[in-house]
Protein chains: 2
Amino acid sequence: MAHTLEDIAEKSGYSRSTVSRVINGEPGVSKKARQQITKIIKELNFHPNQAARALATGKINTIGLLIPETVNFIFTDPYFQLLAQGISKACENNDYALLLWLTEPEIERSSIKKYLNHGIVDGFITASINFDEPMIDTLLQSNLPFVIIGRHAYEFDLNYVDLDNLAGAELATQHLVDRGYKRIATITGPQDMFAGEERLTGYCNVLHANGLVIEENLIIEGDFLQESGYTCAKKLLAFKPDAIFAASDMMAIGAMNAIREAELHIPEDIAVIGFDNLPLTAQQKPPLTTIHQPIHQMGYLAVETLLKVMDNPDGEVFQTIIRPSLVTRQST
Amino acid sequence: MAHTLEDIAEKSGYSRSTVSRVINGEPGVSKKARQQITKIIKELNFHPNQAARALATGKINTIGLLIPETVNFIFTDPYFQLLAQGISKACENNDYALLLWLTEPEIERSSIKKYLNHGIVDGFITASINFDEPMIDTLLQSNLPFVIIGRHAYEFDLNYVDLDNLAGAELATQHLVDRGYKRIATITGPQDMFAGEERLTGYCNVLHANGLVIEENLIIEGDFLQESGYTCAKKLLAFKPDAIFAASDMMAIGAMNAIREAELHIPEDIAVIGFDNLPLTAQQKPPLTTIHQPIHQMGYLAVETLLKVMDNPDGEVFQTIIRPSLVTRQST
DNA sequence: ATGAAAGCGCTAACAA
DNA sequence: TTGTTAGCGCTTTCAT
């Protein structure tokens with residue numbers, strides 16, 4: 001077995017308590033004691049047993065990351081990895097461990113419940129796309145603090161970190177308007193998702209504000225994935241748009257494929273703008289103009305928010321909405 | 001706070017030990033006691049405190065997943081998610097929690113070391129692409145049992161789960177030969193990676209066995225990513241291959257883009273075969289023939305292997321090599 | 001500034 | 001079949 005506090009105490013000639021104080025950086029320890037003990041800890045490469053610590057303090061220093069794996073999404077979109085990176089980094093910096101929960105949608109509730117009540121995390125973050133209300137109820141019942149990445153339509157007072165999708169969509173559409181495009185089409189996200197809805201609203205707002213007609217034919221609903229961008233764009237082409245705002249980069253990439261297949265040129269014949277600023281966008285031909293969503297940062301922020309929530313048992317609610325920005329590239 | 005064993009003991013009129021036995025499904029408890037206690041546990045939705053349990057048993061029922069995030073790779077390839085899914089599923093089925101460690105390559109050692117010695121996992125799985133030997137030494141020094149997904153060139157007696165890359169490449173190349181292609185090119189993986197090396201060897205083996213010339217011009221080294229498939233294919237086209245074996249699906253997809261850009265048809269002008277059988281392959285136009293690597297299953301297997309290792313302290317080494325299979329689609 | 005001792009919630013001998 | 005008891009390795013009062 002590994003060393004224990006007792007070992008360190010013995011070797012240093014001090015008591016367990018003093019060693020504990022040193023490890024936790026508590027005051028009330030003589031400089032000499034601190035030095036000696038620190039030295040021995042280093043030498044023996046000692047690390048306190050987390051289980052014992054957790055038992056004594058009631059805190060386990062671990063947060064959970066709950067991802068209902070809606071298969072297609074997770075598999076095709078780099079979104080999750082960026083998020084995971086940000087979250088992981090934040091955990092590392094705050095000395096928290098990160099527990100990964102990938103749950104299948106079907107058995108969602110039971111499986112989650114089990115974990116939630118096991119007391120193996122101090123709180124959790126969830127990045128789900130298609131919550132239903134019972135699902136949120138389940139989460140609330142756990143009595144664990146949690147933070148949601150990406151809002152939903154529900155009007156609960158939940159902790160969340162989210163992007164300003166409305167502003168992003170407006171940015172994108174306004175950019176197209178400013179460039180002089182007149183027949184601006186959009187491939188939307190699913191209209192039962194908050195982000196999908198808001199991005200469409202932003203598009204409409206801007207057309208309206210600029211006195212452009214909102215033409216039904218130029219609005220078509222996708223599902224955020226590449227394939228749907230391709231098929232939607234094929235349909236749109238019949239109505240001769242001069243620009244397409246795709247509500248996700250993956251759909252924009254799909255749309256670009258369709259446009260190229262139709263032997264049209266980007267942006268001369270049709271401009272394309274995406275949303276998310278995935279690393280892939282820069283590699284497109286031509287590189288894709290898009291709206292920057294700082295996914296990594298949102299992950300990081302979610303952890304920091306959760307930590308705040310955890311030492312704020314007075315029930316304060318933390319909601320952060322991040323502003324996106326425009327990344328101009330050669331597709332517009 | 002949540003309930004404790006003691007609470008259940010009190011309410012049921014039995015002792016802590018008996019309740020503990022019931023919870024752990026141990027024998028030697030009367031039917032009546034078991035029923036009563038089970039009922040109360042359900043009613044109170046009691047779950048034993050994991051920290052206490054871990055402290056008492058010395059086992060924490062958690063395994064770590066160590067992923068050195070070589071940024072480009074992780075971000076572009078669905079490989080990791082498939083793997084994570086398989087691993088997560090296996091953990092769930094075996095009542096283990098899964099700790100996620102994404103470590104930056106640079107700070108690899110120190111960061112890992114900290115985690116490794118914290119005693120917060122019973123063992124870990126690592127899916128790294130570019131290990132160096134010092135890295136492996138670090139892992140070994142932790143004294144934690146671990147399983148590697150994907151072998152490396154080192155001749156250690158390590159536990160691993162890997163694909164038979166050689167057989168896969170042979171399958172792919174032979175398929176092209178069987179279809180009558182004569183000028184078969186290959187876009188290889190990085191030659192400093194074991195998988196990259198083996199997949200090239202398999203290609204050469206088959207050409208050789210079929211009396212075909214191995215032409216330098218038809219072999220070009222990529223890095224498994226889509227972009228490199230594209231650029232490599234562009235170069236290859238000058239040498240008029242009638243088929244291309246790409247050592248990864250992502251490269252195959254890149255190659256297909258290059259071929260289409262050259263206004264050539266797949267497979268009439270050039271056939272393409274990939275490797276991995278990512279979900280994406282089926283959606284290509286035309287759908288991509290490829291070698292099936294059961295990534296999900298490998299993840300699952302890795303966990304099972306790790307569990308075996310963990311209750312086999314006699315140092316038995318477990319090495320599993322999985323056979324790939326051919327998935328024929330319209331690109332060949 | 002330091003130490004003694006109790007206790008966190010559980011498991012696992014050992015007794016009964 | 002059941003209960004008693006002694007830890008697991010740490011934190012945290014409370015003395016000193």
Side-chain angles (χ1 to χ4, degrees), chain A residues 1-41 44-62 95-97 117-122 311, chain B residues 1-41 44-62 95 97 117-122 143 311:
Chain A
M1 261 311 264
H3 294 284
T4 71
L5 255 197
E6 194 79 36
D7 296 342
I8 310 294
E10 206 172 301
K11 304 234 181 203
S12 67
Y14 287 92
S15 72
R16 242 177 23 230
S17 325
T18 304
V19 176
S20 173
R21 286 183 191 109
V22 169
I23 286 177
N24 295 302
E26 280 164 30
V29 179
S30 68
K31 206 161 186 179
K32 191 180 140 208
R34 197 177 293 275
Q35 281 179 345
Q36 288 187 7
I37 293 175
T38 305
K39 183 158 164 279
I40 297 182
I41 289 178
L44 269 49
N45 192 22
F46 168 75
H47 294 269
N49 177 306
Q50 292 302 298
R53 209 172 205 183
L55 183 55
T57 59
K59 247 189 112 260
I60 199 155
N61 257 49
T62 298
D95 266 310
Y96 270 77
N117 293 311
H118 250 48
I120 54 179
V121 298
D122 299 312
D311 49 44
Chain B
M1 263 308 265
H3 295 282
T4 72
L5 256 196
E6 195 78 37
D7 296 341
I8 311 292
E10 206 173 303
K11 302 233 181 205
S12 68
Y14 287 91
S15 74
R16 235 169 39 223
S17 326
T18 303
V19 176
S20 174
R21 286 185 192 106
V22 170
I23 286 176
N24 294 303
E26 279 164 30
V29 179
S30 67
K31 207 161 185 181
K32 190 180 142 207
R34 198 178 293 275
Q35 281 179 345
Q36 289 187 7
I37 294 174
T38 305
K39 181 157 167 278
I40 297 181
I41 290 178
L44 269 50
N45 191 22
F46 168 75
H47 294 270
N49 178 307
Q50 293 302 299
R53 207 172 207 183
L55 184 55
T57 59
K59 246 189 113 261
I60 199 156
N61 258 49
T62 298
D95 266 311
N117 294 311
H118 249 46
I120 54 178
V121 298
D122 299 311
N143 281 326
D311 48 44

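First the proteins, then the strands, lettered A, B, ... as listed; each starts at 1. Computed from heavy atoms alone, side chains included, the values below leave out hydrogens, waters and symmetry copies.
- Distance, B:Glu26 CD to C:dC10 C1': 12 Å, rounded to whole Å.
- Computed from C1' positions of five pairs at each end, the angle between the two local axes of the helix from C:dA1-D:dT16 to C:dA16-D:dT1 equals 40°, rounded to 10 degrees.
- Partners of B:Lys59 by side-chain hydrogen bond (donor to acceptor under 3.5 Å, both in side chains), not counting sequence neighbours, listed by chain and number: B:Asn61, B:Tyr96.
- For C:dT2, the OP1/OP2 oxygens have a side-chain nitrogen or oxygen of A:Ser30 closer than 4.0 Å.
- One interatomic measurement links the two molecules: NZ of A:Lys59 to P of D:dT11, which rounds to 12 Å at whole-angstrom precision.
- In the region residues 31-39 of chain A, proximity to DNA chain C at under 4.0 angstrom, judged on heavy atoms, holds for A:Ala33.
- In this structure, the CG atom of B:Asn49 is 6 Å from the P atom of C:dC10, given to the nearest Å.
- Listed pair A:Ser20 / D:dT11 meets the phosphate criterion, a side-chain N or O lying under 4.0 Å from OP1 or OP2.
- By the 4.5 Å heavy-atom criterion applied to side chains, A:Thr62 and A:Ile120 are not counted as neighbours.
- Closest of all the heavy-atom pairs between B:Asp122 and B:Gly58 is OD1-O, 4.5 Å.
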Under 3.5 Å, N/O pairs linking protein and nucleotides 3-6 of chain C:
| from | atom 1 | to | atom 2 | distance (Å) |
| --- | --- | --- | --- | --- |
| C:dG3 | OP2 | A:Ser15 | N | 2.7 |
| C:dG3 | OP2 | A:Ser15 | OG | 3.1 |
| C:dG3 | OP2 | A:Thr18 | OG1 | 3.1 |
| C:dG3 | O6 | A:Arg21 | NH2 | 2.4 |
| C:dA4 | N7 | A:Ser17 | OG | 3.4 |
| C:dA4 | N6 | A:Ser17 | OG | 2.6 |
| C:dA6 | N6 | A:Arg16 | NH2 | 3.2 |

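- The distance between atom CD1 of A:Ile60 and atom P of C:dC10, rounded to the nearest whole Å, is 13 Å.
- In this structure the side chain of B:Lys11 reaches within 4.5 angstrom of the side chain of B:Leu44, judged on heavy atoms.
- Applying the salt bridge (charged side-chain N to carboxylate O under 4.0 Å, His left out) test to residues at least two apart or on different chains, none of the pairs has a partner in residues 25-35 of chain B.
- A:Tyr14 is listed as a side-chain neighbour of A:Ile37, based on a closest heavy-atom distance under 4.5 Å.
- For the pair B:Arg53/B:Ile23, a side-chain contact is recorded, criterion being any heavy-atom separation below 4.5 Å from C-beta on.
- Residues forming a salt bridge (Lys or Arg N to Asp or Glu O under 4.0 Å) with B:Arg16 (at least two apart in sequence, or on another chain): B:Glu6.
- Between the side chain of A:Ser17 and the backbone N or O of A:Ser15 there is no donor-acceptor pair closer than 3.5 Å.
- If you take CD of B:Glu10 and P of D:dT4, they are 13 Å apart, rounded to a whole angstrom.
- Distance B:His47 NE2 to C:dC10 P: 12 Å, rounded to the nearest Å.
- B:Val29 is listed as a side-chain neighbour of B:Thr18, based on a closest heavy-atom distance under 4.5 Å.
- Look at CG on A:Leu55: it is 12 Å from P on C:dT11, rounded to the nearest Å.
- Contact check for A:Val22 versus A:Val19: no side-chain heavy atoms found under the 4.5 Å cut-off.
- Going from atom CG of B:Asn24 over to atom P of C:dA12 covers 7 Å, rounded to whole Å.
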